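Here is the naming used below: chain letters follow the sequence lines, and residue numbers restart at 1 for every chain. Since the model is a prediction, treat every value here as computed from it, not as a measurement.
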Amino acid sequence: MTEFKIHNTYGNKKEVFIPNDPENIKVYACGPTVYDYAHIGNARMAVVCDLLIKVLKEIYPRVTYVSNITDIDDKIIEAATENNTPIEELTNKFSKIYNEDMLVLGVQLPDLQPRATQHIDKMINLISNLIENDFAYFTNAHVLFSVKKYSNYGKLSTRTQEEQIAGSRVEILEFKDDPADFVLWKPSEDDQPGWESPWGRGRPGWHIECSAMSEKTLGLPFDIHAGGQDLIFPHHENEIAQTCCAHKFNKPQDYAKYWFHNGFVTVEGEKMSKSTGNIKLVNNLIKSIPGEVVRLALLSSHYRQPLNWSESTIKQSKNTLDRYYRFLYDTKDQETNEKKIETTSNKVLDALCDDLNTSLALAELSNILDNKNNQTKSTTKTQLLCAGKILGILGESPSKWLGYEDQGEKFDVSLIDKLIQDRIKARNNKDFTLADSIRIELNNMGIEIEDTQQGTKWRKK
RNA sequence: GGCCCGGUGGCAGAGUGGUUAUGCAGAGGACUGCAAAUCCUUCCACGGCGGUUCGAUUCCGUCCCGGGCCUCCA
């Protein structure tokens with residue numbers, strides 16, 4: 001069996017992946033808080049996790065992938081108030097858009113997509129358990145987790161409590177026993193959403209939902225817990241503390257064995273932020289850029305490295321895909337055997353099995369094409385499609401991708417045909433000035449001309 | 001202040017103790033009336049300084065620079 005290696009944030013090194021149960025790999029990824037459109041950073045997490053799942057599925061018979069939707073949160077409450085929209089309407093709208101946008105990027109839906117508001121009972125149970133066992137305390141209408149009660153607190157993010165205090169940027173609530181303690185349950189005002197609980201009407205803190213939903217949907221322990229790099233602290237650290245204490249586990253691995261975190265996206269070299277106004281929304285990008293281009297761009301650097309989003313990244317990804325689609329177009333009549341994984345496309349899988357080395361995988365993909373004269377076209381095509389399938393690319397119709405098909409856009413096809421005929425006549429008459437001016441005219445219409453052995457072809461640029 | 005991660009050719013971006021990453025761009029050539037596409041050839045590299053070594057871009061130390069986290073954040 002192929003060996004899969006994964007960088008584990010817990011321990012901070014690459015490890016050979018050894019599943020808890022090889023018959024069913026269980027993965028949980030912290031999903032979006034749905035109060036706005038997803039940005040390219042959200043998409044990176046979704047695409048990278050999607051790739052992780054695709055690779056695991058190549059190796060293991062069954063993979064269960066859970067990724068939640070956070071649909072109760074102070075930011076959501078704020079956004080709902082601002083837009084004068086009921087919370088449920090807002091979260092339904094943006095979770096639907098999130099899934100639609102991710103689908104365009106070739107991201108498959110998780111097997112389960114639990115919502116926080118549907119697991120309040122489970123959260124209340126967990127919190128009660130933590131209070132009963134003296135890991136948490138009730139004060140001033142809040143339930144707080146007592147960080148000092150968990151000896152492994154800080155192990156994931158490799159920081160000690162003293163270090164955090166040195167930073168002195170921890171929110172100080174008057175009634176906290178310890179500044180590092182975090183909220184499990186907080187009271188809701190009458191105009192805020194809330195649920196009845198042993199501690200009065202209120203709502204959960206942010207971290208408890210993932211502890212509740214991951215346990216409920218996957219059982220413990222599960223194999224991989226994923227999310228963005230910024231979630232390492234405090235979110236995942238707190239999840240570990242809650243779950244481990246509730247179950248009297250000591251080691252974080254008893255909750256989840258491997259901790260998988262993707263790096264950030266910057267935009268033209270700068271961090272994405274609302275203040276600089278450079279947040280790239282997926283919903284906008286896919287209006288002008290094919291989803292596959294966005295996906296490939298997001299996979300062009302290693303998932304733990306920072307990724308710079310720029311015009312040239314997009315352009316390169318587009319060029320790369322065009323090259324593959326041209327080959328697929330030229331070989332559109334070739335039979336393929338996609339069930340058969342050929343040697344070279346295995347190299348793509350091998351690269352991905354080394355902690356998702358997408359850069360190397362894409363280099364191997366390129367090698368498949370470079371090797372095309374040493375083997376049958378059918379073999380090359382098969383290899384390309386197999387590799388593309390794992391990467392989640394090359395799934396479109398080549399003629400549509402390259403613009404040879406009418407894509408429902410308003411082109412005057414009869415005019416184009418007439419101009420092409422005029423140009424052919426001009427060329428036959430060796431009137432190249434006229435021929436070139438017709439080509440420029442077509443170009444200005446967004447049409448590119450290709451003179452091939454089979455005659456003149458046109459495509460949408 | 002603490003913790004973590006990086007610094008590779010014009011750009012993007014892997015990897016390795018001694019041998020070509022890869023893509024785009026550039027140069028030359030084939031093809032073409034010219035283009036486009038395709039193919040062939042080719043230039044360009046490992047932040048600074050020490051150390052280990054027969055040999056380091058790769059290991060160690062140190063310095064400089066950049067990014068992230070420590071508060072909500074993918």
Which of the following nucleotides, [options], is nearest to the side chain of [X]?
{"X": "Thr320(A)", "options": "G23(B), A14(B), A74(B)", "value": "G23(B)"}
{"X": "Leu360(A)", "options": "A74(B), U22(B), A14(B)", "value": "A14(B)"}
{"X": "Arg423(A)", "options": "C34(B), A74(B), C69(B)", "value": "C34(B)"}
{"X": "Arg323(A)", "options": "G23(B), A74(B), G13(B)", "value": "G23(B)"}
{"X": "Ser359(A)", "options": "A14(B), A74(B), C70(B)", "value": "A14(B)"}
{"X": "Lys372(A)", "options": "G33(B), C4(B), C39(B)", "value": "C39(B)"}
{"X": "Arg326(A)", "options": "C4(B), A35(B), A37(B)", "value": "A37(B)"}

For [X], report the nucleic acid contact type (base, sugar-phosphate, nothing); a contact means any heavy atom under 4.0 Å.
{"X": "His302(A)", "answer": "sugar-phosphate"}
{"X": "Arg459(A)", "answer": "nothing"}
{"X": "Ser157(A)", "answer": "sugar-phosphate"}

All N/O contacts under 3.5 Å from nucleotides 9-12 of chain B to the protein, with atom names and distances to one decimal?
none

Return the polar atom pairs (N/O with N/O) between nucleotides 28-30 of chain B and the protein under 3.5 Å, or none.
none

Please give the distance between the [atom1] atoms of [N] and [M] as a whole number of Å.
{"N": "U58(B)", "M": "A27(B)", "atom1": "P", "result": "33 Å"}
{"N": "G2(B)", "M": "U8(B)", "atom1": "P", "result": "26 Å"}
{"N": "C11(B)", "M": "G51(B)", "atom1": "P", "result": "31 Å"}
{"N": "G48(B)", "M": "G10(B)", "atom1": "P", "result": "14 Å"}
{"N": "A37(B)", "M": "C46(B)", "atom1": "C1'", "result": "34 Å"}

Side chain to side chain contact (heavy atoms under 4.5 Å, CB included) partner of Lys461(A), the single match among Leu402(A), Asn443(A), Leu442(A): Asn443(A)
Separation of [N] [atom2] from [X] [atom1] (nearest whole Å):
{"X": "Phe432(A)", "N": "U32(B)", "atom1": "CZ", "atom2": "P", "answer": "13 Å"}
{"X": "Leu391(A)", "N": "A14(B)", "atom1": "CG", "atom2": "C1'", "answer": "15 Å"}
{"X": "Lys14(A)", "N": "C5(B)", "atom1": "NZ", "atom2": "P", "answer": "15 Å"}

Could you list all N or O pairs between the protein and nucleotides 40-47 of chain B that sit under 3.5 Å apart?
none

Under-4.0 Å salt bridge between Lys26(A) and Asp223(A): no
Residue-phosphate contact under 4.0 Å: Asn12(A) side-chain N/O, C4(B) OP1/OP2: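 No, no such contact exists.
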Phosphate OP1/OP2 of G23(B): any Ser366(A) side-chain N/O under 4.0 Å: yes
From Leu112(A) atom CG to Asn68(A) atom CG, the distance as rounded to the nearest 0.5 Å: 11.5 Å
Closest-nucleotide 5' rank along RNA chain B - winner of Glu450(A) and Leu307(A):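 Nearer the 5' end of the strand: Leu307(A).
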Check: Tyr255(A) ring centre within less than 6.0 Å of Phe222(A) ring centre: yes
Ring-ring centroid check Phe260(A) His225(A), cutoff 6.0 Å: no
Within residues 92-114 of chain A, residues whose heavy atoms come under 4.0 Å of RNA chain B: none
Side-chain donor/acceptor contact of Asp230(A) with base of C72(B) under 3.5 Å: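 Counting by modelled atom types and ignoring angles, no donor-acceptor contact under 3.5 Å is found here.
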Please output the side-chain donor-acceptor pairs of residues 46-55 of chain A that fall under 3.5 Å, not counting sequence neighbours, one pair per line with the distance.
residue  : atom : partner   : partner atom : Å
Asp50(A) : OD1  : Lys54(A)  : NZ           : 3.3
Asp50(A) : OD1  : Gln108(A) : N            : 3.0
Asp50(A) : OD2  : Lys54(A)  : NZ           : 2.6
Asp50(A) : OD2  : Arg295(A) : NH1          : 3.1
Asp50(A) : OD2  : Arg295(A) : NH2          : 2.8
Lys54(A) : NZ   : Gly106(A) : O            : 3.4

Base-paired stems that RNA chain B participates in, counting runs of 3 or more Watson-Crick or G-U pairs under 3.5 Å: B:1-7 with B:64-70, B:10-12 with B:22-24, B:26-30 with B:38-42, B:47-51 with B:59-63
